[in-house]
Amino acid sequence: MAEQKLPSRSEDFSEWYNNLVLRAELADYAPVRGCMIVRPYGWALWENIQKALDGRFKATGHVNAQFPLFIPQSFIEKEKSHVEGFSPELAVVTHGGGEKLEEPLVVRPTSETIIGHSYARWIQSYRDLPLLINQWNNVVRWELRTKLFLRTLEFFWQEGHTAHATAEEAEAETLQMIDIYRDFAVNEAAVPVIVGRKSAGERFAGANETYTIEAMMGDGKALQSGTSHNLGQNFAKAFEIRYLDKNGVLQHCWTTSWGVSTRFIGAIIMVHGDDQGLILPPRLAPWQVVIVPIYKSDEEKASVLEAARGVRAELAGFRVTLDEREGSSPGFKFNDWEMRGVPLRIEIGPKDVAKGTVVLARRDRPGREGKSFVPREGVAEAVGRTLDEIQHSLYERALAFRESRTADPADYAAFKSAVEQGFAWSYWCGSAECEKSIKEETKATLRCVPLDQPAGEGRCIYCGAPAREKAYFAKAY
RNA sequence: CGGGGCGUAGCGCAGUUUGGUAGCGCGUACGGUUCGGGACCGUAAGGUCGGAGGUUCGAAUCCUCUCGCCCCGACCA
């Protein structure tokens with residue numbers, strides 16, 4: 001690498017992010033504009049995210065399937081607001097096998113329509129409900145402005161699609177899934193999130209209600225990190241998804257959809273990373289522990305590596321790697337693994353071998369402060385405890401940062417400066433006009449109306465009208 | 001898609017104003033000395049200067065078009 005140090009996070013957050021993604025070998029630019037290559041280390045992180053989410057989906061009765069990449073164009077057009085929302089960003093295939101197609105095929109931007117088509121065939125009776133299917137796949141949206149992980153033409157995600165007999169069940173499912181996302185973000189990724197409702201303007205195209213988890217990045221901007229949509233009967237009506245109820249009456253189903261994408265990797269980077277590089281939460285890190293051996297002579301090397309391999313064996317319950325690379329100094333390796341965000345490093349040198357100790361170095365506390373000497377005896381327990389502490393402290397640190405950058409502005413002037421550095425937590429009268437004016441004047445959007453609302457009422461931060469709901473406003477990715 | 005910036009070796013850059021045989025640092029390979037926070041010396045490999053056209057005896061350099069990336073806007077997971 002040309003530059004050893006990353007651009008400073010505080011001076012140029014965007015450059016810091018771009019460099020970090022490349023230097024940590026999470027992803028690379030593809031030869032096609034706006035597309036990315038997810039490199040093995042980045043994909044390993046994604047696989048851990050997949051495992052954490054997939055387990056939660058299965059535990060709540062969902063099953064995985066796979067629907068086609070290509071969708072007949074007419075399908076997209078069946079739901080009015082859906083086509084309006086997505087048509088500007090569709091990739092369309094017009095030719096196949098050297099021939100012009102009779103009907104163009106859309107590369108899926110999301111699969112509500114093609115799944116709706118199947119659900120209409122599969123669902124006949126209330127006994128077929130609920131139908132709870134998820135798929136892990138890639139989708140394409142022709143975005144104008146792209147950024148690795150955060151917004152690319154092609155991205156990877158999961159999309160869950162469910163059908164229910166009643167509005168109440170669909171709403172319960174929608175809320176259950178956003179809560180699963182919250183639980184995942186908080187407990188696996190150590191990313192604090194605010195769970196709330198999207199305003200009508202920010203809703204998914206075709207949804208009656210969109211719930212979101214919103215996180216604050218290290219520059220104070222918001223990132224929508226997962227969404228769950230109550231689609232009402234919109235798609236059921238467009239695709240004739242119907243069932244006979246217990247009384248023999250034909251009814252339209254109530255459907256939901258929900259997704260988390262590789263964008264979440266961007267959230268992990270921007271929430272936890274520092275000027276040294278990535279910091280990964282232990283529960284998701286591809287490598288939880290890296291062992292760096294330190295030696296000079298051949299005799300030292302032999303004894304140190306023997307000890308290091310012994311420690312590795314004792315840590316079999318963790319995701320652990322031993323850096324045996326020749327020709328790189330320990331100092332180089334320290335920096336290298338810090339760039340990659342490995343949460344815990346174990347240093348083993350001749351002095352440690354002699355004393356029967358190892359050095360634990362926490363990634364979340366740079367330099368000497370994060371180092372401790374522990375006896376080799378019982379190292380697995382110390383590692384487990386330290387990883388738990390790192391997991392918790394990452395969350396606490398991110399939460400404290402968010403709180404320090406969240407204001408409850410007294411007036412609109414204070415609101416404007418609040419959204420320059422973080423979130424504004426303000427009463428909103430509920431009108432789309434106020435929301436729009438705020439966006440035009442401050443670039444801040446209404447991120448969500450949290451499900452947890454304070455008691456009492458206030459006045460709209462923009463128009464001063466009586467307001468019952470308090471919302472988060474912020475500049476967003 | 002509008003405004004701005006930038007494309008020269010794997011990476012970071014100089015050279016472009018004033019046209020004249022392509023350079024530096026890092027990295028890479030090899031040899032040696034090193035190794036508890038990004039080691040050092042030596043040798044070597046590596047570039048149709050983003051692409052296409054044009055002007056010229058001669059283009060990285062001037063002109064036209066085009067592609068890509070970054071930043072700022074409009075749109076979004």
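Computed over heavy atoms, backbone and side chain alike; hydrogens, waters and symmetry mates excluded. Labels below follow one simple rule: chain letters A, B, ... track the order of the sequence lines, proteins then strands, and each chain is numbered from 1.
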Who pairs with B:G58 - Watson-Crick or G-U, where each distance is under 3.5 Å = none
Below 4.0 Å: OP1/OP2 of B:C69 and any side-chain N or O of A:Arg145 | no
Who does B:G2 pair with, Watson-Crick or G-U, both distances under 3.5 Å?
-> B:C72
Quick one: does A:Arg363's side chain have a donor or acceptor within less than 3.5 Å of a partner on A:Gly341's backbone?
-> no
Earlier contact from the 5' end, RNA chain B, for A:Arg368 and A:Ser225 = A:Arg368
Give every residue pair that meets the salt bridge (Lys or Arg N to Asp or Glu O under 4.0 Å) criterion with at least one member in residues 285-308 of chain A, sequence neighbours excluded.
-> A:Lys301-A:Glu326
Distance below 4.0 Å between A:Tyr295 side-chain N/O and B:G36 OP1 or OP2 = no
Indicate, with a heavy-atom threshold strictly under 4.0 Å, whether A:Phe204 touches base, sugar-phosphate, or nothing.
-> nothing
Distance test, side-chain N/O of A:Ser14 to OP1/OP2 of B:C71, below 4.0 Å | yes
Selected nucleotide, minimal atom distance to A:Arg263 side chain, candidates B:A77, B:A39, B:G36 | B:A77
More 5' along RNA chain B: A:Tyr477 or A:Phe332, using each one's nearest nucleotide?
-> A:Phe332
Mind checking who B:A29 pairs with, Watson-Crick or G-U wobble, both distances under 3.5 Å?
-> B:U43
What does A:Glu347 touch in the nucleic acid at a heavy-atom separation under 4.0 angstrom: a base, only the sugar-phosphate, or nothing?
-> base
Between A:Thr227 and B:A77, is there a side-chain N or O to OP1/OP2 distance below 4.0 Å?
-> no
Any donor-acceptor pair under 3.5 Å between the side chain of A:Arg345 and the base of B:G37?
-> yes
For A:Lys80, look at atom NZ and say whether over 12 heavy atoms of other residues, nucleotides or ligands are found less than 6.0 Å away.
-> no
Looking at every strand, decide which applies to A:Phe149 at a 4.0 Å heavy-atom threshold: base, sugar-phosphate, or nothing.
-> base
Short side-chain N/O contact to B:C72 OP1/OP2 from A:Lys147, under 4.0 Å = no
Answer yes or no: side-chain N or O of A:Asp352 and base N or O of B:G36 forming a donor-acceptor pair under 3.5 Å.
-> yes
Provide the Watson-Crick or G-U wobble partner of B:C65, both distances under 3.5 Å; none if there is no partner.
-> B:G51
Searching all strands shown, indicate the nucleotide that pairs with B:G23 (Watson-Crick or G-U wobble; both distances under 3.5 Å).
-> B:C13
Reckon A:Asn18 touches a base, only the sugar-phosphate, or nothing at all at heavy-atom distances under 4.0 Å?
-> sugar-phosphate
